[in-house]
Amino acid sequence: MIPTVLPAPTNARIHGETLASLPQDLYIPPDALEVYLEAFEGPLDLLLYLICKHNLDILDIPMADLTLQYMQYVEKMRAVKLELAADYLLMSAMLIEIKSRMLLPKPAEIEQEDDPRAQLVRRLMEYESIKLAAQRLDAMPQVGSEILVAQAYYQQIIETQPPIVSLDDLIAAWKAVLERASHFTHHKVSRAELSVREHMSQILRRLQKEKLVEFAALFNVESDGIAKLVVCFLAILELVREGLVRMTQQAEFSPIYIQISHAD
Amino acid sequence: MQTEPQTIVEMKQVLEAALLTAAQPLALEDLLRLFAGRMERATLRMLLDELKSDWQTRTMELTQVASGWRFQARAEYAPFLARLNPEKPQRYSRVALETLAIIAYRQPVTRGDIENIRGVAVNPNIIRQLQEREWIDVVGQRDVPGRPSLYATTKNFLDDLNLRSLAELPPMENFTQQEIPLGL
Amino acid sequence: MQTEPQTIVEMKQVLEAALLTAAQPLALEDLLRLFAGRMERATLRMLLDELKSDWQTRTMELTQVASGWRFQARAEYAPFLARLNPEKPQRYSRVALETLAIIAYRQPVTRGDIENIRGVAVNPNIIRQLQEREWIDVVGQRDVPGRPSLYATTKNFLDDLNLRSLAELPPMENFTQQEIPLGL
């Protein structure tokens with residue numbers, strides 16, 4: 001493969017110091033030009049290559065030489081593969097601009113102006129460091145090739161979980177029930193405070209265990225506040241009304257007893 | 001280049017590393033490739049047997065299945081491993097949720113009550129499902145022919161919904177007053 | 001029902017079984033689930049350290065990467081294991097690697113940023129390729145006209161490169177941050 005015999009430059013020269021050995025000079029067979037050009041990853045890559053190949057100092061680029069060489073490559077490129085050239089043409093424009101700015105005489109008062117090459121140099125260096133970083137990333141061991149992760153077999157069993165019910169689910173369900181119940185107007189949905197209904201269940205639970213409970217014993221006068229006592233009383237009345245419990249009293253002023261209603 | 005494993009121990013290590021990291025069971029042919037042709041089948045079998053017994057009392061067992069050898073976690077660890085990938089919790093059906101809501105808001109109720117309110121027969125499985133979850137229980141029987149069970153919600157239900165008492169369920173009275181003619 | 005592990009040895013066995021079968025790194029949260037909430041984070045860390053040193057001289061090493069803990073074969077076994085899969089997973093092209101390097105070292109970046117650094121238009125296939133590998137993802141949009149997507153590397157990328165955090169990436173050659181003395 002042709003690109004492999006064209007080691008793209010990884011290191012340029014900085015202040016005359018060579019960071020890596022320079023690539024050998026090129027011989028480009030005409031029919032391989034396209035492949036060769038594709039070996040470059042863009043105008044910056046090509047510029048770095050030219051700087052490297054011609055042993056130029058990246059910090060003191062002779063713009064005339066560089067621009068000339070660059071234009072030669074771009075011409076070849078245009079001849080072979082036009083769609084490749086757009087980014088390269090943009091760079092030519094930039095190079096020519098830099099070159100012309102350097103040729104213009106500078107008035108004394110703006111002598112401190114930045115070297116017009118500075119931005120290009122920054123971009124070249126940024127790109128150079130990204131190229132190096134990319135090579136280092138590529139050299140790192142990766143899961144799937146150098147790194148193999150333990151993945152022994154295990155018999156999967158599914159731990160079943162009970163369905164989750166949120167308060168919102170419950171309320172939505174209740175709303176749906178009420179909405180539909182409104183169509184059955186013959187049915188009476190009695191209205192009672194929820195706390196009353198809760199007490200009804202609690203009293204029933206207690207009566208199942210204790211069979212017969214004295215009325216007064218259902219009230220926890222010491223600990224429950226008035227509100228709770230009232231709720232408890234309402235619950236008993238509701239239980240009686242619904243025929244769920246029976247109240248008995250042997251004689252006037254004798255204790256009242258409550259028990260679950262039994263058919264017998 | 002890597003030096004080839006020389007000792008029995010080193011050979012077993014190569015086998016162990018391969019079998020622990022393989023996504024599929026490895027056939028004898030695969031395992032032979034590990035040693036680049038410098039391994040006899042008989043020796044390989046012997047090594048596998050040794051490796052198997054090395055792991056006898058450990059977390060994995062080396063087993064032979066149809067397509068080859070693999071390490072697998074011993075069955076006793078399966079219940080723990082299952083906790084890593086819990087099945088997505090299911091949801092109750094609409095019928096079940098409505099049944100639960102009726103029991104919560106209108107307890108104590110019989111199946112007949114629930115049927116009256118919903119206008120359809122109650123599936124006994126749903127009642128059983130809620131009982132098994134210990135969210136509802138029977139708190140008595142109504143004193144009518146057939147003595148139907150009265151259902152109410154339990155403490156467990158309150159705990160699971162993070163409520164201290166039923167009174168913390170949002171009151172639906174405003175809603176019901178508008179929508180339903182109440183039989184007071 | 002499974003009895004919960006009681007001793008340190010039993011707890012380490014549950015951890016080992018989970019980590020040897022996981023295929024993906026397991027986060028501390030995952031590992032805590034193995035014990036159904038009956039494990040302190042500090043204890044878990046201690047157990048992991050012990051497990052790691054138990055395996056010190058064995059075929060696998062317990063390592064911590066960005067998204068959690070995993071067992072992986074020691075590097076010395078890689079050449080043998082490579083013989084099992086002679087087809088090397090494809091490495092990325094230079095373009096893809098440079099794009100990845102820019103995202104890794106300069107994140108979060110837009111396509112425009114990548115184009116500025118590389119001086120060439122970004123091939124959308126390369127971005128897609130890296131996204132499909134779950135090495136990069138979109139972490140937001142830059143608040144400029146067009147609201148271009150901002151790309152960053154993922155935990156998966158770090159996991160696959162055996163890193164715990166971006167700080168462990170090889171340091172970048174810092175030509176650009178120095179003042180550039182120009183030969184005027």
Side-chain angles (χ1 to χ4, degrees), chain A residues 3 8 11-12 14-16 19 39-47 57-61 84 86-88 90-91 94 111 114-115 117-118 121-156, chain C residues 17-25 60 62-63 65 70-73 75 77-79 81-82 84-85 88-89 91-102 104-106 115-121 156 159-163 169-178 180-184:
Chain A
N11 290 295
I14 292 187
H15 280 304
L19 296 178
F40 289 113
E41 295 298 344
L44 287 170
D45 203 21
L46 175 58
L47 278 179
D57 189 333
I58 197 170
L59 294 179
D60 190 16
I61 303 168
L84 248 174
D87 296 311
Y88 289 84
L90 189 68
M91 179 60 72
M94 189 182 162
E111 209 161 341
D114 279 346
D115 188 310
R117 293 171 297 179
V121 169
R122 264 188 219 106
R123 287 188 66 187
L124 285 170
M125 287 182 150
E126 166 93 5
Y127 182 60
E128 176 75 1
S129 47
I130 285 296
K131 273 178 64 175
L132 277 173
Q135 284 170 8
R136 286 192 193 145
L137 282 184
D138 194 34
M140 287 174 73
Q142 283 176 23
V143 167
S145 39
E146 294 84 3
I147 300 170
L148 288 132
V149 174
Q151 48 184 333
Y153 178 84
Y154 69 105
Q155 180 77 47
Q156 246 182 339
Chain C
L19 287 159
L20 281 176
T21 54
Q24 300 293 325
M60 301 281 130
L62 185 58
T63 49
V65 289
R70 73 177 173 213
F71 272 116
Q72 59 192 43
Y77 298 104
L81 304 186
L84 286 178
N85 301 303
K88 278 264 159 221
R91 290 274 178 175
Y92 283 122
S93 64
R94 253 185 71 197
V95 197
L97 282 168
E98 288 180 12
T99 307
L100 178 64
I102 292 169
Y105 284 91
R106 295 282 183 259
E115 289 175 353
N116 277 341
I117 295 177
R118 295 195 58 245
V120 228
N156 242 342
D159 289 347
D160 283 356
L161 266 70
N162 212 21
L163 302 172
L169 276 176
M172 194 154 161
E173 216 70 49
N174 262 339
F175 301 125
T176 46
Q177 277 176 8
Q178 303 158 8
I180 301 170
L182 290 166
L184 289 174

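Just so it is clear: chains get the letters A, B, ... in the order the sequence lines come, proteins before strands, and each one is counted from 1. The analysis underlying the following values was restricted to heavy atoms, covering all of them including side chains, and did not include hydrogens, waters or symmetry mates.
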(Q) Does A/Gln142 form a side chain to side chain donor-acceptor pair (under 3.5 Å) with C/Asn162? I'd like the steps, not just the answer. (A) CA-CA 7 Å; A/Gln142 283 176 23; C/Asn162 212 21; over 6 Å; no

Is chain A contacted by the side chain of [X], its backbone, both, or neither, given a heavy-atom distance below 4.5 Å?
X: C/Arg70; result: side chain
X: C/Pro25; result: neither
X: C/Ala82; result: neither
X: C/Leu19; result: backbone

Heaviest contributor of heavy-atom pairs below 4.5 Å to chain A, chosen from C/Leu161, C/Thr99, C/Leu163, is C/Leu161

* **Heavy-atom check, side chain of A/Arg136 versus side chain of A/Met140, under 4.5 Å** => no

inquiry  = Is there a side-chain contact between C/Thr21 and A/Tyr153 in this structure, where contact means two heavy atoms from C-beta onward sitting under 4.5 Å apart?
reply    =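 No, too far: nothing below the 4.5 Å cut-off.
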
Exercise for the section: Could you look at A/Ile130 and say if it's the side chain, the backbone, both or neither that has a heavy atom under 4.5 Å from chain C? Expected result: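 For A/Ile130, heavy atoms of backbone and side chain both lie under 4.5 Å from chain C.
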
d(A/Ser145 OG, C/Leu81 CG) to nearest 0.5 Å is 12.0 Å

Check this for me: does any side-chain nitrogen of one of A/Glu126 and A/Arg122 sit under 4.0 Å from a carboxylate oxygen of the other?
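No, A/Glu126 and A/Arg122 are not salt-bridged.
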
